[in-house]
Amino acid sequence: MPEKPYDHQAIELKWLERWKDATFYKAEEDPSKPKFYVLEMLPYPSGTLHIGHIRNYSIGDALARYKWMRGFNVLHPMGWDAFGLPAENAAIANKRPPREWTLQNIAAMKKTHRRFGFSYDWDREVSTCEPQYYRWNQWFFLKMLERGLAYRKKALVNWCPKCATVLANEQVVDGCCSRHDETPVDQRALEQWFLKITAYADQLLTDMQQLEGGWPERVLTMQRNWIGRSEGAEIDFMLAETGEHIRVFTTRVDTIFGATCVILAPEHPLNETLLDAAGKARAKAMVDARAGRDPGDIEKEGFFSGHYALNPYSNERVPIWIGNFVLMGYGTGAIMAVPAHDERDFEFCRKYGIPIRPVISPVDGPLAVEPGMKEAFTEDGILENSGPWSGLPGDEARRRMSAYAREHGFGDAAITYRIKDWGISRQRYWGTPIPVIHCAQCGVVPVPENQLPVILPDQVEITGTGRSPLENVPEFVNVACPRCGGTARRETDTMDTFIDSSWYFYRYCDPRNDRMPFDPAKIAYWFEIDQYIGGVEHAILHLIYSRFFTKMMRDIGLVKNSEPARRLFTQGMVIAEGAKMSKSKGNVVGADMLAEKYGTDTARMFVLFAAPPEKEVDWRWEGANGIHYFLGRVYRFATRNAGRTDMPAEGASDRKVLRKLHQTVRKITEDFETRWHFNTCIASIMELVNILYAEEENIGSATMAEVLEKLALLLAPFAPYISQDIWDELGDEGPVFRHCWPSFDPELAKEDLAEIVVQVNGKLRSRIQVPFGTPEEELKAGALADEKIQAATGGKKVVKLIVVPDKLVNIVVK
RNA sequence: GCGGAUGUGGCGGAAUCGGCAGACGCAGCGGACUUAAAAUCCGCUGGCCCGCAAGGGCCGUAUGGGUUCAAGUCCCAUCAUCCGCACCA
């Protein structure tokens with residue numbers, strides 16, 4: 001057949017058109033087949049797909065296609081994380097309703113998605129801003145309300161003045177809004193809804209054992225730190241005058257005889273009664289000074305409150321201080337300061353001349369003496385000067401002293417977590433309405449289930465003033481109380497959008513169900529997710545909320561699994577010409593731009609070729625040229641050799657080509673099953689093609705037919721259009737990615753002769769060819785007889801011979 | 001400050017279990033084809049040195065040490081870059 005030029009535009013358009021109504025990516029439950037659920041994180045519909053998205057989807061698509069070819073029943077869905085702030089900002093800027101803006105963006109992005117030909121089952125598409133979806137957010141909220149997992153409290157919350165809304169702790173980075181780098185976050189007291197993720201803190205931690213090996217260690221470590229479990233004790237110090245209690249949390253109750261003061265956070269509620277007006281002002285100033293600052297830069301400061309507390313173990317009277325380094329949000333907001341055995345306390349007490357009293361001696365040394373201590377001794381040791389506890393080792397003392405506190409009613413062993421309950425109220429329009437009603441008579445009343453969904457009204461003026469725009473929609477706000485029928489007001493806050501993405505992957509399994517969030521039987525078939533793929537930036541937020549939701553759903557009987565995803569892969573970022581891509585730098589590499597210039601096959605393959613998928617990729621246009629050129633080489637070779645019968649008889653070239661072919665199949669198969677280094681997979685296909693060019697006229701017809709067919713199959717997971725077109729040119733039927741993945745013959749993949757590296761004192765000096773399995777003695781003899789080796793050893797004494805069969809001989813001479 | 005990862009040609013990267021460093025590609029150089037260019041095809045391409053040449057030698061995986069017959073790979077220290085956490089009691 002005559003050679004054809006590689007016209008990527010024509011090829012991609014042709015198959016795009018032919019596949020328009022194809023159904024081969026449709027997934028259906030089929031218990032007779034092994035299932036495989038591969039999932040990429042759903043995008044926010046910003047309007048355009050960029051190369052970072054393409055990388056994420058190209059990895060997932062290659063895996064999905066490979067698994068199909070291996071006979072799995074694959075579920076590979078896609079959807080839209082469609083609620084969120086940018087839609088409102090766009091509405092303010094362009095005077096267009098968020099819904100319209102969002103739907104238009106989805107349409108544009110979906111078009112690009114289709115153009116790239118990713119293998120999604122679009123019948124399962126989910127868009128989180130649709131009432132059919134968010135009604136189940138509301139339904140889950142009501143379920144959690146019933147179980148006490150959702151509750152309301154007045155709380156100091158993080159407030160971003162630019163977003164004009166509340167942020168979750170996870171959305172605050174270095175005291176600033178994660179969306180506005182330079183904007184310090186304020187603290188405001190508001191009535192907020194919270195989800196009790198802390199009730200699952202322990203399970204979130206212990207269930208990580210199931211994820212070990214399947215999730216990146218890095219992500220597990222980040223989650224562990226985020227949950228921040230710490231074991232210790234809570235102890236009440238009694239206020240000397242009034243008898244009120246100050247509860248402190250400590251991990252080192254064994255050091256309590258060294259406590260020389262108690263320190264309260266500046267926001268501590270007791271300050272209201274403890275401090276005079278001047279003191280309150282100082283405390284307030286401390287809180288303000290801390291806002292938005294890097295904690296490492298703030299010097300420890302404090303002042304004496306004028307009051308004293310009693311140490312319940314020793315009955316000692318210690319001063320109560322207010323300290324800026326004590327956090328209200330952790331533990332009890334109050335600490336006992338043991339300067340001799342804690343670095344921070346040491347720094348603070350030195351500064352203010354508070355006594356330092358060592359009570360723990362090192363296991364193998366004497367007790368420190370004060371004055372003269374240069375730093376705190378923070379390790380475990382033996383208790384001294386600690387009344388009846390003296391002489392005990394630290395761990396035993398902690399156990400017995402906690403028990404003592406419990407028996408005497410002034411404390412107990414306690415576990416504290418760094419993770420806090422999840423504040424989900426947002427004073428925003430474009431999100432899921434929280435389904436409750438505020439009634440003057442009945443208080444907070446949940447919207448009855450049969451009245452869901454609470455529909456987000458369409459005609460709303462977006463103001464960005466910090467009050468929910470829904471407050472200005474009387475037909476939304478004014479309702480009858482479901483309990484007493486009296487006039488009542490609807491809740492106008494909406495939910496954090498992380499709710500949406502916490503369970504969307506369940507909805508994919510049953511996306512049109514209007515009686516339940518999904519049918520549990522379908523979940524039982526598809527779950528857990530076999531492979532989840534996304535950016536590492538979601539290591540704590542999205543991935544911890546999703547794990548929490550799964551456990552909650554399990555506890556209300558909807559699912560059986562305790563974890564959503566068995567395996568997680570976090571791909572590296574794509575940067576452009578050495579810099580992080582961003583709109584402001586104008587260096588965003590858009591997906592459509594790529595499709596036009598090189599075609600989608602080239603774009604996909606280049607991001608996979610440029611680096612292993614877990615590493616960062618630097619996008620360089622010249623690199624993409626190389627892949628495009630390579631695909632052209634493949635295409636021209638295949639079209640001019642398809643169906644050829646004028647080839648010479650089979651000979652040495654066939655052996656060579658087939659060996660390389662089977663080696664390539666083996667390499668790529670192994671990589672798909674283990675480490676996904678698609679860059680070297682593609683490199684090995686290039687090597688194969690280089691050999692084909694070198695041997696083109698010497699290959700027999702049968703070999704040529706086999707190699708072309710398998711080449712198309714090997715390319716299918718990475719470059720579906722060109723591989724399909726070659727498949728078609730070869731006269732093969734149907735979609736190439738529904739054909740069986742090629743097998744390899746280990747015998748054919750084997751080299752004829754082993755090449756033995758011969759070293760003298762560890763340096764390469766010669767190579768010899770021998771049959772595989774040549775005995776050690778023969779290898780030694782062969783190596784010593786080699787001309788170059790004789791020259792190199794030059795009659796020196798052979799001290800030792802190291803032999804690695806089929807690989808290497810090292811001759812050690814003196 | 002604490003924790004983790006990474007460091008290999010001009011560039012992206014390869015070397016999967018301690019056994020040939022630099023696969024594959026980009027960029028560059030040369031040749032063929034062409035009136036010419038593009039496209040395409042073929043070749044060269046870590047550094048230094050010896051040689052007209054064929055060929056050969058030495059150095060080389062951030063730096064300094066160590067283990068080993070053998071180290072990019074293992075151990076210790078240092079430096080650099082990136083990421084996460086950062087007063088968590």
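This one's a predicted model, so the numbers in the text were calculated from it and none came from an experiment. Lettering of chains follows the sequences in order, A, B, ..., and the numbering in each one begins at 1.
Proximity note for A:Asn324 (side chain, C-beta onward) versus B:A89, B:C85, B:C87: the nearest is B:C87. For A:Arg418, whose side chain is taken as the heavy atoms from C-beta onward, the closest listed nucleotide among B:A89, B:C58, B:A86 is B:A86. If you check B:A89, B:G25, B:A23 against the side chain of A:Tyr330, the one that comes closest is B:A89. Distances were taken from every side-chain heavy atom of A:Arg633 (C-beta onward) to each of B:A89, B:C41, B:C69; the shortest belongs to B:C41. Listed candidates were B:C69, B:C20, B:C24. Nearest to the side chain of A:Asn810 is B:C69. Considering only side-chain atoms of A:Lys300, the nucleotide from B:G19, B:C87, B:A21 that sits closest is B:C87. Side-chain atoms of A:Leu764 lie closest to B:C20 of the nucleotides B:C69, B:C20, B:C85. Listed candidates were B:C85, B:C20, B:G25. Nearest to the side chain of A:Val757 is B:C20.
Among the atoms of the strands shown, base atoms are found under 4.0 Å from some heavy atom of A:Val326. Contact annotation for A:Arg229: no contact, since no heavy-atom pair falls under 4.0 Å across all strands. Across all strands, A:Asn625 comes closer than 4.0 Å to no nucleic acid atom at all (heavy-atom distances). A:Gln759 comes within contact range of at least one nucleobase, with a heavy-atom separation under 4.0 Å. Heavy atoms of A:Gly626 sit under 4.0 angstrom from primed sugar atoms or phosphate atoms, though from no base atom. A:Tyr629 comes within contact range of the sugar-phosphate backbone alone, with a heavy-atom separation under 4.0 Å but no base atom that close. Across all strands, A:Val812 comes closer than 4.0 Å only to sugar-phosphate atoms, never to a base (heavy-atom distances).
Considering CD1 of A:Ile544 and CD1 of A:Ile227, their distance stands at 4.0 Å, rounded to 0.5 Å.
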Anything under 3.5 Å between a donor and an acceptor, one on a side chain of residues 802-813 of chain A, the other on a protein residue two or more places apart or in another chain? List them.
residue, atom, partner, partner atom, Å
A:Asp806, OD1, A:Gly773, N, 2.9
A:Asn810, OD1, A:Gly762, N, 3.0

Exercise. Going through the checks in order, is the side-chain hydrogen bond (donor to acceptor under 3.5 Å, both in side chains) test met by A:Arg418 and A:Asn225?
Worked result: CA-CA 8 Å; A:Arg418 203 191 86 117; A:Asn225 292 340; over 6 Å; no
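The only option from A:Phe569, A:Phe606, A:Phe609, A:Phe672 that meets the ring-ring contact (aromatic ring centres under 6.0 Å, His included) definition with A:Phe678 turns out to be A:Phe672.
Under the rule for a side-chain contact (heavy atoms from CB on, under 4.5 Å), the partners of A:Arg666 that lie at least two apart in sequence or sit in another chain are A:Gln663, A:Glu670, A:Phe744, A:Ala749.
Within 6.0 Å of NZ in A:Lys656 there are 12 or fewer heavy atoms belonging to other residues, nucleotides or ligands.
Separating the CG atom of A:Leu220 from the C1' atom of B:G84 is a distance of 14 Å, rounded to the nearest angstrom. In this structure, A:Trp619 atom CH2 and B:C26 atom C1' are separated by 13 Å, rounded to whole Å. Rounded to whole angstrom, the span from the CD1 atom of A:Ile540 across to the C1' atom of B:C83 amounts to 12 Å. Regarding A:Leu264, its CG atom lies at a distance of 13 Å from the C1' atom of B:A89, rounded to whole Å.
Checked by atom type, the side-chain pair A:Asp202/A:Tyr417 shows a donor-acceptor distance below 3.5 Å.
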Seminar exercise, completed: Each nucleotide of nucleotides 1-18 of chain B classed B (base within 4.0 Å of a protein heavy atom), S (only sugar-phosphate) or -, in 5' to 3' order, makes -----------BSSSB--
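For B:C59, the OP1/OP2 oxygens have a side-chain nitrogen or oxygen of A:Lys763 closer than 4.0 Å. The shortest distance between the side-chain N/O atoms of A:Tyr693 and the OP1/OP2 oxygens of B:C42 is not below 4.0 Å.
In this structure, B:G47 is classed as anti because its glycosidic torsion departs from zero by more than 90°.
Taking the C1' atoms as reference points, B:C74 lies 32 Å from B:G10, given to the whole Å. Taking atom P on both B:A15 and B:G72, the two are 16 Å apart, rounded to the nearest angstrom.
When each of A:Met686 and A:Arg765 is assigned the nucleotide of RNA chain B bearing its nearest heavy atom, the one mapping closer to the 5' terminus is A:Met686.
Taking 3.5 Å as the limit, the base of B:C20 and the side chain of A:Lys807 contain no donor-acceptor pair of atoms between them.
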